> 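Below are the structure tokens for one structure; questions will follow.
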Amino acid sequence: MTRAGIVAVVGKPNAGKSTLLNRIIGQKLSITSPKPQSTRDRILGIHTSGDAQLILVDTPGLLAPQYALQRAMRAAALRALAEADVIAYIVEATEPDPPTLAQAAELEAPPRAPVVTVCNKIDALNPRALKRRMSVRPSDIFISARTGEGVPELIERLSAILPESPFLYPADEIGAQSMRFFASELIRETALEQLQDEVPYSVACEIEEFREEREPVYIRAVIYVERDSQKGILIGDKGARVRDIGRAARIKIERLVGAPVYLDLWVKVLPNWRRNESSLKRFGYTLPKDQPS
Ligand SMILES: Nc1nc2c(ncn2[C@@H]2O[C@H](COP(=O)(O)OP(=O)(O)OP(=O)(O)O)[C@@H](O)[C@H]2O)c(=O)[nH]1
Ligand SMILES: [Mg+2]
């Protein structure tokens, strides 16, 4: 008898959802950043061990949307909640009194699937504070996605709740998205690392060409920003900034594809793309049907 199903990983921005997905999968599939709102769409990670297969769905942080991209992000999180067999709701150990999932997601009705509340970042608490926290929230699972502490117990708890089912993916599969997608995400992550203030939020990345028949793998990618001034920042003095981003992103992509990569990186402006429905579609974000953009 095997168990398999979808585990939605949800929570407020920056709670450590993507770090947890990567920790469970044992490979970097989802980009992470100290800056909130790094994940913009659902990221699938598959973990098979023993007789259980967890199809983990990392999601954008739950927030009240203010523009079209954030509406698409919220919709992605809500879709994952609706499709889940189990929900892992991630809260931060350093947040004294975290809201319930229904409050954080502003849900009208509680979600259908059972919710496991996961208290992450326990490495950031001293032992006394952690003990106190455990005594006031005894049904939470306490973990550190950063160190891995508590993660095996979490996997066990989630596996036990999954429905009986044959495996839904081959047991050796860990992801379901394309190399193109991962490459564009790694470029965006690098931009998040190297840019400040509002600029990283205005970044989208599009892969125009991805040729892997020969080495080095050739990738032509464009970083889009919303304004000319941002383009100037991205390019930097004599192109230094975009060169640095390209170099750091190339190393990450090489690790992923396991081959040398030539990354041909460009910067272009697509005015106000975050507020524009057709631009969002072009970058692969899906808006909810019944809402205006
Ligand atoms: N100390 C500590 N930091 C952590 C832990 N897990 C994640 N972080 C840090 O928290 C920050 C946010 O992590 P992410 O995994 O990107 O968080 P997220 O919930 O996916 O964020 P969004 O995608 O923006 O909603 C990063 O700087 C992580 O390194 C943890 O267990 N302990
Ligand atoms: Mg994330």
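All ligand and atom numbering here is 1-based and tracks the order in the structure. Computed from a predicted structure; not experimentally measured. Note that the numbering runs from 1 along the sequence shown for the chain. As a basis for the values below, the full set of heavy atoms in this structure was taken, side chains included, without hydrogen atoms, waters or symmetry mates.
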> Hydrogens and angles aside, do Ser18 and Thr32 bring a side-chain donor and acceptor to less than 3.5 Å of each other?
no
> Are the side chain of Arg40 and the backbone of Thr59 linked by a donor-acceptor contact shorter than 3.5 Å?
no
> Under 4.0 Å between a Lys/Arg side-chain N and an Asp/Glu carboxylate O for Lys12 and Glu106?
no
> What protein N/O/S atoms are found closer than 2.8 Å to the Mg ion (ligand 2)?
Ser18 OG, Thr39 OG1
> Taking the basic N atoms (NZ, or NE/NH1/NH2) and the acidic carboxylate oxygens, is any pair closer than 4.0 Å for Lys268 and Glu208?
yes
> For the CG atom on Asn126, are there more than 12 heavy atoms of other groups (residues, nucleotides or ligands in this structure) within a distance under 6.0 Å?
yes
> Compute whether any side-chain donor of one residue and acceptor of the other, for Gln37 and Gln70, lie under 3.5 angstrom apart.
yes
> Where does the angle between the aromatic ring planes of Tyr224 and Phe283 fall among parallel (under 30°), tilted (30 to 60°) and perpendicular (over 60°)?
tilted
> Using a strict 4.0 Å threshold on nitrogen-to-oxygen distance, state whether Lys231 and Asp228 make a salt bridge.
no
> List the steps, then state whether side-chain contact (heavy atoms from CB on, under 4.5 Å) holds for Glu83 with Arg42.
CA-CA 12 Å; Glu83 290 167 6; Arg42 291 179 296 177; 3.1 Å; yes
> I need the contact residues for ligand 1: any residue with a non-hydrogen atom closer than 4.0 Å to the ligand, ordered by chain then number.
Pro13, Asn14, Ala15, Gly16, Lys17, Ser18, Thr19, Thr32, Ser33, Pro34, Pro36, Gln37, Ser38, Thr39, Gly61, Asn120, Lys121, Asp123, Ser144, Ala145, Arg146
